**Q** 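Supplied in structure tokens, the structure appears directly below.
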Amino acid sequence: MNKKTLGLPKRTPGQVQSDTPPKAPARPGARGHVKPGQPRGESPRPTPAASPRVVGVSGIQQFFAPCPRGLEQLLADELAAVGAGEVRVVEGGVAFSGEWPLVYRANLHSRIASRILWRLEERAYRSEADLFRMAGRIDWPALFAVNRTIKVGVTAQRSPLRSVDFAALKVKDAICDVFRAATGERPSVDTASPEVRIQLFLTDRTATLYLDTSGEPLFKRGYRQENVEAPLRENLAAGLLQLANWHGDCALLDPMCGSGTFLIEAALLAMKRAPGRDRHFAFERLAPFDAEAWQSIRQEARALELPAPPHPIVGSDRDALSVAAARENLQAAGLTEHVALTVGDILDIPAPATAGVLIANPPYGVRLEDQEALAEFYPLLGDALKRKFSGWRAYLFTADLRLPKLIRLSPSRRLPLYNGALDCRLYEFKLVEGSNR
């Protein structure tokens with residue numbers, strides 16, 4: 001596998017797709033044809049289609065939303081709730097369809113997706129020349145202006161091509177050639193902060209071109225000012241809260257809050273704030289963008305917000321620097337008055353309510369000395385949970401699979417998930433005083 005795999009929607013019902021690239025008649029510039037004056041043995045540059053087709057923005061479009069592995073069904077439910085059709089779960093994401101303005105709602109409201117990708121084309125391929133021709137068939141000037149900076153990214157799974165970087169170069173060349181033929185100019189490349197991102201996904205037989213409608217990943221909500229070591233991504237934290245069946249209907253405590261990701265995502269969820277309310281998106285720089293429709297959807301979302309969480313949201317950490325980082329992030333999110341923060345050890349703090357949900361991301365103990373310290377800590381944690389949190393549900397997310405045995409509590413659920421490449425579990429414990437059941 002070359003680079004990290006985005007995930008690829010399977011063929012949609014009724015879609016016809018050949019397993020081999022279409023054969024085109026020989027023409028000047030095609031492989032095997034030598035132009036006058038061209039040295040024999042030198043590979044000519046293929047030419048894109050003479051008349052690029054317009055990717056229509058009316059009617060039903062195809063989309064794909066990648067997400068953290070293990071959260072695909074949550075994402076599918078979320079997308080269906082904002083109007084997505086033909087929702088289909090695949091490993092690593094969700095394929096769906098809808099009219100183009102659906103990208104406004106999906107980007108604004110999705111707590112789980114990493115991006116919303118608009119599928120432009122999918123074809124069989126064998127070589128970089130096939131990718132060049134595929135990209136050359138698209139009327140790129142109908143999608144964005146020539147003065148927008150671009151970047152072509154490639155992810156691949158069992159691709160026969162030797163270099164994904166060269167594949168990206170050929171797609172970029174085709175895009176620039178289409179623009180030059182239509183406008184006399186070509187877009188500039190910006191690999192650091194492009195205004196428009198084109199994504200190519202390769203399997204062993206098919207190539208799919210996407211246009212990224214999100215820009216910065218959707219888990220970048222815009223509030224993270226301060227970090228601690230190995231913070232959870234925001235969309236993973238939001239997914240864990242939903243897997244814990246917490247929707248703001250009872251108290252919530254994170255006693256190892258770090259930089260406050262669980263706390264902020266919980267407050268956004270409880271107050272019904274759209275996670276994308278305070279950021280910009282790449283679709284605002286695309287030709288189909290309708291500013292009036294977008295403004296209407298944003299106002300509609302804000303009208304649903306609550307002024308405060310209906311139940312307490314509390315965070316603590318034994319590290320004062322972590323609590324300070326959480327406070328900075330809460331302030332950036334405009335949530336300082338809605339979340340209570342304190343410095344304290346999980347073994348000592350009291351329950352903030354008679355019942356609720358405790359959720360935490362304990363250290364993983366990668367180093368041997370950390371593992372030994374955790375082996376001593378976990379039994380103390382189990383005792384504290386039984387003594388102080390009777391009637392609560394506790395959810396511990398960790399890559400340390402020794403946790404249930406060492407904490408001496410029997411999990412009622414153990415959900416397999418990933419934090420990046422780390423194989424993790426979300427353990428649920430229903431706490432009853434004086435019992436390990």
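On a predicted model such as this, the values are computed, not experimentally measured, just so you know.
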**Q** Mind checking whether Leu241 and Phe262 have side chains closer than 4.5 Å, heavy atoms only?
**A**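 Touching, per the 4.5 Å side-chain cut-off.
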**Q** Side-chain contact test, heavy atoms from C-beta onward, threshold under 4.5 Å: evaluate it for Ile112 versus Val94 and give yes or no.
**A**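 No, every pair of side-chain atoms sits at 4.5 Å or beyond.
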**Q** Can you name the closest pair of heavy atoms from Gln225 and Ala332 and give their distance?
**A**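 Looks like CG-CB, 3.4 Å.
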**Q** Give the minimum heavy-atom separation between Ser412 and Lys430, together with the two atoms involved.
**A**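 Result for this residue pair: OG-CG, 3.8 Å.
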**Q** Are the side chain of Arg408 and the backbone of Lys405 linked by a donor-acceptor contact shorter than 3.5 Å?
**A** no
**Q** Closest approach of Asn235 and Ser114, non-hydrogen atoms and distance?
**A**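 Heavy atoms only, the tightest pair is ND2-OG, 3.3 Å.
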**Q** Give the C-alpha distance, both sets of side-chain angles, the deciding distance and a yes or no for side chain to side chain contact (heavy atoms under 4.5 Å, CB included) between Phe64 and Val90.
**A** CA-CA 10 Å; Phe64 184 73; Val90 298; 3.5 Å; yes
**Q** For a 4.5 angstrom cut-off between non-hydrogen side-chain atoms, does Leu236 reach Phe219?
**A**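 In short, these two side chains do not touch, never coming nearer than 4.5 Å.
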**Q** How far does CG of Asn107 sit from CG of Leu218, to the nearest 0.5 angstrom?
**A**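 It is 5.0 Å, given to the nearest 0.5 Å.
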**Q** Between Leu374 and Pro363, is there a side-chain heavy-atom distance shorter than 4.5 Å?
**A**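 Side chain of Pro363 against side chain of Leu374, heavy atoms only: contact under 4.5 Å found.
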**Q** After noting the C-alpha distance and the side-chain angles of Leu417 and Leu240, does the key distance pass the side chain to side chain contact (heavy atoms under 4.5 Å, CB included) rule?
**A** CA-CA 9 Å; Leu417 296 156; Leu240 292 171; 3.4 Å; yes
**Q** Do Arg197 side-chain atoms and Gly153 backbone N/O form a donor-acceptor pair below 3.5 Å?
**A** no
**Q** Look at Asp278 together with Arg302 and state whether they make a salt bridge at an N to O cut-off of under 4.0 Å.
**A**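 Yes.
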**Q** Taking everything shown except His247 itself, do over 12 heavy atoms lie less than 6.0 Å from its NE2?
**A**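 Count over threshold, so yes.
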**Q** State whether the side chain of Thr149 and the backbone N or O of Pro194 hold a donor-acceptor pair below 3.5 Å, judged by distance alone.
**A**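 It does not hold such a pair.
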**Q** Look only at the side chain of Arg221 and the backbone of Arg111, and say whether a donor-acceptor pair between them is shorter than 3.5 Å.
**A**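 The answer is yes, because a donor-acceptor pair under 3.5 Å joins these two groups.
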**Q** Side chains of residues 335-360: which donor-acceptor partners sit under 3.5 Å, not counting sequence neighbours?
**A**
residue: Thr336; atom: OG1; partner: Gln331; partner atom: N; Å: 3.4
residue: Asp345; atom: OD1; partner: Leu347; partner atom: N; Å: 2.8

**Q** Could you report the tightest heavy-atom contact between Leu102 and Ala84, atom names first, then the distance?
**A**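 Shortest heavy-atom contact: CD2-CA, 3.8 Å.
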**Q** Between Arg115 and Gly215, is there a donor-acceptor pair closer than 3.5 Å when you use the side chain of the first and the backbone of the second?
**A** yes
**Q** Nearest 0.5 angstrom please: Glu99 CD to Ile60 CD1, how far?
**A** 5.0 Å
**Q** Take Phe283 and Leu211, measure what side chain to side chain contact (heavy atoms under 4.5 Å, CB included) needs, and give me the verdict at the end.
**A** CA-CA 9 Å; Phe283 62 69; Leu211 197 56; over 6 Å; no
**Q** What is the distance from atom CG of Leu263 to atom CG of Leu253, rounded to the nearest 0.5 Å?
**A**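 It comes to 8.5 Å.
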**Q** Decide yes or no for Val196 and Trp140: does some side-chain heavy atom of the first lie under 4.5 Å from some side-chain heavy atom of the second?
**A** no
**Q** At what distance, to the nearest 0.5 angstrom, does CD of Gln73 lie from CG of Asp77?
**A** 4.5 Å
**Q** Is there a side-chain contact between Arg133 and Arg123, using heavy atoms and a 4.5 Å cut-off?
**A**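 No, too far: nothing below the 4.5 Å cut-off.
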**Q** I'd like to check Leu401 versus Tyr427 (side-chain heavy atoms, cut-off strictly below 4.5 Å). Are they in contact?
**A** yes
**Q** Please confirm whether the backbone N or O of Pro362 pairs with a side-chain atom of Thr398, one donor and one acceptor, at under 3.5 Å?
**A** no
**Q** Could you give me the CA-CA distance, side-chain angles and deciding distance for Trp118 and Leu143, then say whether side chain to side chain contact (heavy atoms under 4.5 Å, CB included) is met?
**A** CA-CA 11 Å; Trp118 180 20; Leu143 301 178; 3.8 Å; yes
**Q** Suppose we screen for side-chain contact (heavy atoms from CB on, under 4.5 Å). Which residues come up paired with Thr261, at least two apart in sequence or across chains?
**A** Tyr223, Arg224, Glu234, Ala237, Ser259, Glu265
**Q** Is Trp392 close to Leu385 at the side-chain level, that is, under 4.5 Å between some pair of heavy atoms?
**A**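 Not touching, per the 4.5 Å side-chain cut-off.
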**Q** Quick one: pull up CZ in Arg126 and CG in Leu131 and give me the separation to the nearest 0.5 Å.
**A** 13.5 Å
**Q** Check Arg425 with Asp423, please: is the shortest side-chain N to carboxylate O separation under 4.0 Å?
**A**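 Salt bridge present between Asp423 and Arg425.
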**Q** Within the distance-only criterion (no hydrogens, no angle test), does the side chain of Ser214 pair as donor or acceptor with the backbone N or O of Ile116 below 3.5 angstrom?
**A** yes
**Q** Just by modelled atom types, is the Val323 backbone N or O under 3.5 Å from a matching donor or acceptor in the Asp317 side chain?
**A**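 Judged by distance alone, no pair lies under 3.5 Å.
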**Q** Any pair with a residue in residues 279-290 that passes salt bridge (Lys or Arg N to Asp or Glu O under 4.0 Å), sequence neighbours left out, goes on the list, sorted by first then second residue, please.
**A** none
**Q** Hey, does the side chain of Glu72 reach the backbone of Gly70 with a donor-acceptor pair shorter than 3.5 angstrom?
**A** yes
**Q** Working note: Phe179 + Phe144, criterion ring-ring contact (aromatic ring centres under 6.0 Å, His included); need CA distance, chi angles, decisive distance, verdict.
**A** CA-CA 10 Å; Phe179 267 102; Phe144 57 91; 5.2 Å; yes
**Q** Search all heavy atoms of His109 against all heavy atoms of Ala274 and return the closest pair with its distance.
**A**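 So the two residues come closest at ND1-CB, 3.9 Å.
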**Q** So, Arg105 and Glu78, do they make that salt bridge, N to O below 4.0 Å?
**A** no
**Q** Which distance, rounded to the nearest 0.5 Å, do you find between the CG of Leu108 and the CH2 of Trp294?
**A**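 So the gap between those two atoms works out to 4.5 Å.
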**Q** Without swapping roles, check the side chain of Asn419 against the backbone of Leu422 for a donor-acceptor pair under 3.5 Å.
**A**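 A pair under 3.5 Å: no.
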**Q** Taking all heavy atoms of Val178 and all of Ala135, pick out the closest pair and write down the distance.
**A** CG2-O, 4.5 Å
